[in-house]
Participant: 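Have a look at this one.
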Amino acid sequence: MMMKIVFLLVSWLLIFTNSRHQFCSEATTSNLEYPYPFMTVDAARAAARTYDYIVVGGGTAGCPLAATLSQYYSVLVLERGDSPYGIRDVEDFRGAPTTNPTVAQPFVSEDGMKLVRARVLGGGSAINSGVYSRASTEYIRKMKWDEKLVNDSYEWVEKLNAFDQQHNLFTFSSSFKNGLLEAGVLPYNGHTFDHLVGTKISGSIFDYNGKRHTAADLLQYANPENIVVLLNATASRILFNLESGKPKASGVEFRSNNDGLIYQISLNQLSTKSEVILSAGTIGSTQLLLLSGIGPKKQLKEMNITVLLDAPSVGKGVQDNPSASFLIDSSIPLEDSFAQVVGILNNSQHYIEGGSFIQQNNATNTQYVGLLMIKLAFPLSRGDLWLKSRDPQDNPFVRYNYYSHSLDLKKCVFGMKVMINLSMSSSIQEYAFIDSGNAKTLRFLGIALPKNQSNDDALAKLCKDSLTSFNHYHGGCQAGLVVDKKYLVKGVDSLRVVDGSTYKNTPGTNPQATTMMLGRYMGILILQEYINTAKY
């Protein structure tokens, strides 16, 4: 029974031109839904032409980026997964996308943490728990982004993909909100997409019917005359032109998962603006740079990869925010739900979320489970990513070094004390069982929150024992180290990285809103480099 609950917990934590007509008929042969006429699995046709931009990864950043660039230029999106449309595990909030191997690829970190990475159009937005929350104003200013353009880009995303949940709270969400306020997570900010310290009703990419809207939905904005989205295509390396002395990206080599063949696809060499842009996520983009010979020289030589550029910072500084999750066996019925309420406390150092699900143990035994989850927002512990093999379909090695910095444990202890207060609030105690002596007991499944807050060492041990992940890993191609302020890879031409691998710290309670925004934001900046009068 506990194994089923763990699986459910993991799932909960993560939830045109000629080409337009050329690819239409092919798409209809798939068992999945291909709602865009520019979606295809025909690698030979897609590779038979050149493009102004090749976007590797149709994920949370890649879809809005490609849609924006397609307004003026030809764009190819290479996505290693398939369509998210028509997959119940993705589209219905009751689904379990993180345990569905067609959309999520499992891996285990060198720390022993079981994790998943998306393998589907829409990326992480297709397998996460749905929370939509902007980054803080402080974060945006630290990134030195244009605040007006950031706001405009968020609004562009929100027209299609963000939904107000304030009039649609689930039972446990309502209790969780009240419990946070009782525990002193103040002020109450009502509903807002903005990042505000206190308790708020956040946005969601699940609509009022519980249907998920992934980043793939942002392809509705694309110019169908200028874009091809090639699915089931795993990039193996970036191609470079070395004639000028400085390496210049000229295309991408990939394997079609549909026919098993290897293809090379080129940028439009007649264009001065053509680029390869990596948007394959913190794992995929970093891995692809290494496979292409851009990374620490010693590591590349050990893998028998020709060193194109000795770039020591590639794969360095990766993070997965340490988190803790506690399961409550509820004494009263609850619904399956998704995260709607967020507590932001201690000057944005901790984020708390909650939800509920139904566990059907057998035909006569139904269990109702509440979740309390806390995430350390800005840990100081950092890790490394390096290649396991030269096969792009293999997960690389990654070690996050959770709680290796002593200050992270101290911060976690502070958060645990708030979680204890939350669990003792009258709103959460509503789910307690009453024993024969008429005393209330909150039953935990697995690791329990203690009532005693006096022993910091015991709470530090609890932090380690209850360690889980929100799958908000980031870094590996950090801005300022691997890429410059325009997200161009340092030391080479015509190559950018635009995704969560460029973050030094995760933005906001959940990063997907900002990562979708970043795709749009960078798309506009790239267009502005060449078209001063364009309207987007």
Side-chain angles (χ1 to χ4, degrees), residues 1-15 93-94 96 129-131 169-185 199 201-202 322-343 345 350-362 365-375 412 415-453 458-459 461-463 465-470 509:
M1 181 179 74
M2 275 303 300
M3 184 60 68
K4 291 181 180 178
I5 291 174
V6 170
F7 279 136
L8 279 170
L9 172 60
V10 173
S11 299
W12 199 93
L13 288 175
L14 287 171
I15 329 162
F93 79 91
R94 302 173 190 85
S129 63
V131 173
L169 287 185
F170 294 101
T171 300
F172 193 80
S173 295
S174 181
S175 299
F176 178 70
K177 178 197 71 176
N178 294 332
L180 286 173
L181 298 177
E182 289 181 59
V185 185
T199 295
I201 301 172
S202 193
S323 309
S325 301
F326 299 92
L327 304 176
I328 298 170
D329 185 6
S330 174
S331 62
I332 59 178
L334 292 170
E335 314 101 320
D336 283 318
S337 74
F338 49 86
Q340 297 175 303
V341 176
V342 175
L345 64 149
H350 302 81
Y351 306 142
I352 304 178
E353 297 178 14
S356 59
F357 61 84
I358 301 171
Q359 169 67 29
Q360 193 70 47
N361 297 319
N362 54 52
N365 185 294
T366 301
Q367 196 166 27
Y368 303 99
V369 182
L371 292 91
L372 303 178
M373 301 170 289
I374 187 167
K375 171 178 131 179
C412 181
M416 283 296 177
K417 292 178 179 180
V418 178
M419 291 287 279
I420 292 169
N421 288 337
L422 170 62
S423 69
M424 297 300 294
S425 68
S426 61
S427 297
I428 298 301
Q429 287 291 315
E430 291 177 5
Y431 303 100
F433 287 82
I434 300 177
D435 62 21
S436 57
N438 208 33
K440 283 187 173 184
T441 302
L442 198 63
R443 295 181 185 174
F444 288 90
L445 302 172
I447 296 175
L449 276 164
K451 293 182 181 180
N452 186 355
Q453 301 181 22
L459 293 180
K461 183 178 184 299
L462 178 62
C463 288
D465 292 344
S466 61
L467 178 65
T468 52
S469 174
F470 275 46
T509 52

Participant: Check for a donor-acceptor pair, side chain of S356 on one end and backbone N or O of E335 on the other, with a separation under 3.5 Å.
Facilitator: yes
Participant: Testing the basics here: between S331 and E430, what is the closest heavy-atom pair and its distance to 0.1 Å?
Facilitator: OG-O, 3.7 Å
Participant: Is it true that the side chains of E182 and S427 contain a donor and an acceptor less than 3.5 Å apart?
Facilitator: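 Yes - a donor-acceptor pair under 3.5 Å links their side chains.
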Participant: To the nearest 0.5 angstrom, please state how far the CG atom of L462 sits from the CZ atom of F326.
Facilitator: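 Reported value, rounded in 0.5 Å steps: 4.5 Å.
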Participant: Who are the salt bridge (Lys or Arg N to Asp or Glu O under 4.0 Å) partners of K461, not counting sequence neighbours?
Facilitator: D465
Participant: So which atom in K440 and which in Q429 form the shortest heavy-atom distance, rounded to 0.1 Å?
Facilitator: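 Shortest heavy-atom separation between K440 and Q429 comes out as NZ-O, 3.9 Å.
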Participant: I need the single residue from L449, D329, I328 that forms a side chain to side chain contact (heavy atoms under 4.5 Å, CB included) with L442. Which is it?
Facilitator: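 Answer to the side chain to side chain contact (heavy atoms under 4.5 Å, CB included) test with L442 among L449, D329, I328: I328.
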Participant: Going through the distances and angles, do F176 and L422 end up as a side chain to side chain contact (heavy atoms under 4.5 Å, CB included)?
Facilitator: CA-CA 8 Å; F176 178 70; L422 170 62; 3.7 Å; yes
Participant: Measuring from S330:OG to R443:CZ, what's the distance to the nearest 0.5 Å?
Facilitator: 11.0 Å
Participant: Donor-acceptor pair, distance only, cut-off 3.5 Å: does the side chain of S423 make one with the backbone of I420?
Facilitator: yes
Participant: If you compare all heavy atoms of V185 against all heavy atoms of G343, which two are closest, and at what distance to 0.1 Å?
Facilitator: CG1-CA, 4.0 Å
Participant: Just one of T509, L371, V341, L372 clears the side chain to side chain contact (heavy atoms under 4.5 Å, CB included) bar with E353, so which one?
Facilitator: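 When T509, L371, V341, L372 are each tested with E353, the side chain to side chain contact (heavy atoms under 4.5 Å, CB included) holds only for T509.
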Participant: Which atoms form the tightest heavy-atom contact between M416 and A324, and what is the distance?
Facilitator: CE-CB, 3.6 Å
Participant: Kindly state whether the ring of Y431 and the ring of F172 have centres lying under 6.0 angstrom apart.
Facilitator: yes
Participant: Rounded to the nearest 0.5 Å, what's the gap from CD1 on I358 to CG on D336? Could you check?
Facilitator: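 Taking CD1 in I358 and CG in D336, the distance rounds to 4.5 Å.
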Participant: Write down the atom of L169, the atom of S174, and the distance for their closest heavy-atom approach.
Facilitator: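 Of all heavy-atom pairs spanning L169 and S174, the closest is CD1-CA, 4.3 Å.
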Participant: CG/L327 to CZ/F444 distance, rounded to the nearest 0.5 angstrom?
Facilitator: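 The CG atom of L327 sits 9.5 Å away from the CZ atom of F444.
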Participant: How long is the gap from CD1 on I352 to CE on M373, to the nearest 0.5 Å?
Facilitator: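 It is 10.5 Å, given to the nearest 0.5 Å.
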Participant: Could you pull out the closest heavy-atom pair between S425 and G179, with the gap in Å?
Facilitator: OG-CA, 3.5 Å
Participant: Exactly one of V342, T199, V418, I428 should register a side chain to side chain contact (heavy atoms under 4.5 Å, CB included) with L180. Which one does?
Facilitator: T199
Participant: Within the structure provided, determine whether N421 and Q453 are in side-chain contact (heavy-atom separation under 4.5 Å).
Facilitator: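 Heavy-atom side-chain distance check passes, below 4.5 Å.
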Participant: Could you tell me if Q359 and N361 have a donor-acceptor pair between their side chains, going purely by distance under 3.5 Å?
Facilitator: yes
Participant: So, taking the atom named CZ in F357 and the one named CD in Q367, what distance separates them when rounded to the nearest 0.5 Å?
Facilitator: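 One finds 8.0 Å between CZ of F357 and CD of Q367.
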